[in-house]
Protein chains: 2
Amino acid sequence: ADEQAMAAAREHQARLTKPAGSLGALEELSVRLAGLAGACPPPMPFPATVAVFAGDHGVHAEGVTPWPQEVTAQMVANFVAGGAVVNAFARQAGADVMVVDVGVAIPLHGGATLLDANVRRGTRDMAVEPALTHEEARAAVEVGIGVAGALADNGAKCLLTGDMGIANTTPAAALVSVFTGLDPAEVTGRGTGIDDATLDHKVEVVRRALALHRPDRTDPLGVLAAVGGLEHAALAGFILGAAARRVPVIVDGVIAASAALAAAAFAPDSVAAMVAGHRSAEPGATVALAHLGLEPLLDLGMRLGEGSGAVLALPVVSAAVRVLHEVATFDSAGVSEK
Amino acid sequence: ADEQAMAAAREHQARLTKPAGSLGALEELSVRLAGLAGACPPPMPFPATVAVFAGDHGVHAEGVTPWPQEVTAQMVANFVAGGAVVNAFARQAGADVMVVDVGVAIPLHGGATLLDANVRRGTRDMAVEPALTHEEARAAVEVGIGVAGALADNGAKCLLTGDMGIANTTPAAALVSVFTGLDPAEVTGRGTGIDDATLDHKVEVVRRALALHRPDRTDPLGVLAAVGGLEHAALAGFILGAAARRVPVIVDGVIAASAALAAAAFAPDSVAAMVAGHRSAEPGATVALAHLGLEPLLDLGMRLGEGSGAVLALPVVSAAVRVLHEVATFDSAGVSEK
């Protein structure tokens, strides 16, 4: 981070017509974004794009969710048609939605907003064998890096993480357990709202996969291959790509947070580009954000995924930056100081 | 609230392409707003106007803040010029800013966005005598009712509370103490950021005023007259006016929350129209919202006032409603259910 730009942002905040510190978390966010951009004020976070990475999961066969796997492809069609929650939120926030098939099990025929970057038609069952080969995991990471780079090339000033994949909170829980060292029971949640018996089983499946592969957290590619998902790997790359371009990336829920842990394992400096959009109701999200030292902007009990929590936080990020651009100083407004 | 519209909203939420309950607090908010409007979906919250009621305070003479009283008028000029934080946030959120002089000590010469409704050039010192006569308090309440009614007549679908008044967290603390029955030490905060000694003194001033007037919480006009402020009284009326027109009103920080307690004392049903925008860092705000049974949408450690926290929450309110307007159902999108 650029210390000079951060100091400039702190000094500018102190001259604005408001009591020092009265904007709370927005002030520190504005300083972080100045440091990331190397400029004060940092750019407004527009154009903004939420990239929704979609993939399927072999671990679905273990019965970790009541939803049929075909829903992944059906929801991709819903995103492309503009009918999902993330589309509604994005229209409101002024963000574009891009859908990336990085690992859906069913061949898709999308429109202009669907990028075909399918690495494999779903992962293998991590409870039985590694979910991905190292080559597949690497290819998925590179899809994410490429998408972030292309969006940055096109002028994006903010990237937002989105995801879709029935059963994808199971690999997310495994990733969070590996990277934080916490027990699967502490980081595995109810996903779409499973019952107690299914939750117990889901924890057991995660535990079995981790016992089978014994992933090494210092080898993030190996971890993603053993117990990750194609959208998780792509999101890790997407975050790395955003950080490499010094573009802020708003992290959504537990899928994105588990990918952010992988990104931080690849490149600890990438945390500087991450903004935690919200605190998902999934326990793994809170654990992962705390591990990364990130405080979420929103806490509304949401657990939808799709990027919905990230997009909902975009106006807050924008407000934090806008203050540095637009608010008058004590001098310019003729307001007395205490 | 219209139970039929609320039931319709709940049923519609269950048919949308997302797991049941996955939008957390937004779902319950959408149901509340349907009940308020008597329609499902309820209208989108636009046009939206934040009304910033400004007033001065005789209790300033007690030394409860280091800021000079003239800052109230200076900040009103800043609002009219568009240079304050609330202006920047409102531009982003698509809300209008209206400034109402209900009690500023200095005569103001504003532009088209400043409404002259001055009831009195600042309150009296509540530590020595009643802040207002009953007639003055009533006139200020009526200013707020009138502003809400005029905005509703002009088509406003969402009203937001704003305030400006150097020293106004002192009467707010007194109001919260009266209406909740809690000790002044539990509800008095640092306002713009006063030090420990000034905070101790501020608590003692509130305690002295309450001992002098012994306000009766069942007589909200008497409470406002004894220990209120002109902007607090106007905001109570503004909230009552919004509720009477079944227009949602987003409540900002501790000033608005103290006024909301007064509004609820006048008319308990008015709580149905209140949406808590954020959790201010002021302890009295949290206490007041809990007393009203309201859960704030944002919690960012803000303590600026002006309506800034209410305006920052407007996109969240809008998102909650937009879901009911725009998101596809399982049937319409061809998505399988579990």
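Residue numbers begin at 1 in each chain, while the letters A, B, ... track the order of the sequences.
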**Complete:** With chain B, the option among G24(A), S308(A), G193(A), A281(A) that has the most non-hydrogen atom pairs under 4.5 Å is G24(A)
**Prompt:** Counting heavy-atom pairs under 4.5 Å to chain B, which of E337(A), M302(A), R303(A) comes out on top?
**Reply:** R303(A)
**Item:** Atom pair CZ/OG1 of F53(B) and T161(B) - distance to nearest 0.5 Å
**Value:** 9.0 Å
**Request:** Give, as side chain, backbone, both or neither, the part of P66(B) having an atom under 4.5 angstrom from any heavy atom of chain A.
**Result:** both
**Item:** Proximal component of A81(B), with respect to chain A [non-hydrogen, under 4.5 Å]
**Value:** neither
**Message:** Between P19(B), G301(B), G334(B), who has the most heavy-atom pairs with chain A when the cutoff is under 4.5 Å?
**Reply:** P19(B)
**Request:** Inspect the contact between K202(B) and E62(B) and indicate whether a charged nitrogen and a carboxylate oxygen are less than 4.0 angstrom apart.
**Result:** no
**Prompt:** OG1/T188(A) to CG/L199(A) distance, rounded to the nearest 0.5 angstrom?
**Reply:** 7.0 Å
**Prompt:** Considering only heavy atoms, which portion of Q92(A) lies under 4.5 Å from any heavy atom of chain B: side chain, backbone, both, or neither?
**Reply:** both
**Item:** Distance in Å, L300(A) CG paired with L29(B) CG, rounded so as to fall on 0.5 Å steps
**Value:** 9.5 Å
**Message:** Can you tell me how far apart CG (N168(A)) and NE2 (H60(A)) are? Round to the nearest 0.5 Å.
**Reply:** 11.0 Å
**Fill in**
Listed by number, the residues in residues 318-328 of chain B that come under 4.5 Å of chain A (heavy atom to heavy atom) are S318(B), A319(B), R322(B), V323(B), E326(B), V327(B), A328(B)
**Item:** Minimal non-hydrogen separation, T17(A) against A333(A), with atom names
**Value:** CG2-CB, 4.0 Å
**Request:** Counting only heavy atoms closer than 4.5 Å, note whether L297(B) contacts chain A via side chain, backbone, both or neither.
**Result:** both
**Message:** Between I166(B) and E70(B), is the side chain to side chain contact (heavy atoms under 4.5 Å, CB included) condition met? List the steps.
**Reply:** CA-CA 8 Å; I166(B) 294 300; E70(B) 72 209 40; over 6 Å; no
**Prompt:** Given that the side chain runs from C-beta out, which part of A20(B) has a heavy atom under 4.5 Å from chain A: side chain, backbone, both or neither?
**Reply:** backbone
**Asked** Do you know which of N87(A), T329(A), V311(A), V71(A) has the most heavy-atom pairs with chain B at a distance under 4.5 angstrom?
**Response** V71(A)
**Request:** Using a cut-off of under 4.5 Å on heavy-atom pairs, state which of D299(B), L312(B), V85(B) scores highest against chain A.
**Result:** V85(B)
**Asked** Between R190(A) and D196(A), is there a salt bridge with N-O shorter than 4.0 Å?
**Response** yes
**Item:** E282(B) and T169(B) side chains, donor-acceptor separation under 3.5 Å
**Value:** no
**Message:** So if I take each residue of residues 73-80 of chain A and look for any heavy atom under 4.5 Å from a heavy atom in chain B, which residues do I end up with?
**Reply:** Q74(A), M75(A), N78(A)
**Message:** The test is side chain to side chain contact (heavy atoms under 4.5 Å, CB included); show your working for V59(A) and V205(A) and say whether it passes.
**Reply:** CA-CA 8 Å; V59(A) 76; V205(A) 168; 3.6 Å; yes
**Prompt:** Under a 4.5 Å heavy-atom cut-off, does chain B meet the side chain of P68(A), its backbone, both or neither?
**Reply:** side chain
**Rounded distance (nearest 0.5 Å) linking atom CD of Q69(A) with atom OG of S336(B)** = 12.0 Å
**Prompt:** Rounded to the nearest 0.5 Å, what separation is found between the NE2 atom of H57(A) and the OG1 atom of T72(A)?
**Reply:** 7.0 Å
**Request:** Report the C-alpha separation of T192(A) and T65(A) in whole Å, then their side-chain angles, then the decisive distance to 0.1 Å, and conclude whether the side chain to side chain contact (heavy atoms under 4.5 Å, CB included) test is met.
**Result:** CA-CA 8 Å; T192(A) 53; T65(A) 171; 4.2 Å; yes
**Asked** Does K18(A) come within less than 4.0 Å of E306(B), counting only side-chain N to carboxylate O?
**Response** no
**Asked** So, are R32(B) and E27(B) salt-bridged, with charged N and O less than 4.0 Å apart?
**Response** no
**Request:** Indicate yes or no: does D96(A) engage R91(A) in a salt bridge with an N to O separation below 4.0 Å.
**Result:** no
**Region of L23(B) in contact with chain A, defined by heavy-atom distances below 4.5 Å** = both
**Request:** Examine whether an atom of F330(B) lies under 4.5 Å from a heavy atom of chain A, and if so say whether it belongs to the side chain, the backbone or both; otherwise answer neither.
**Result:** side chain
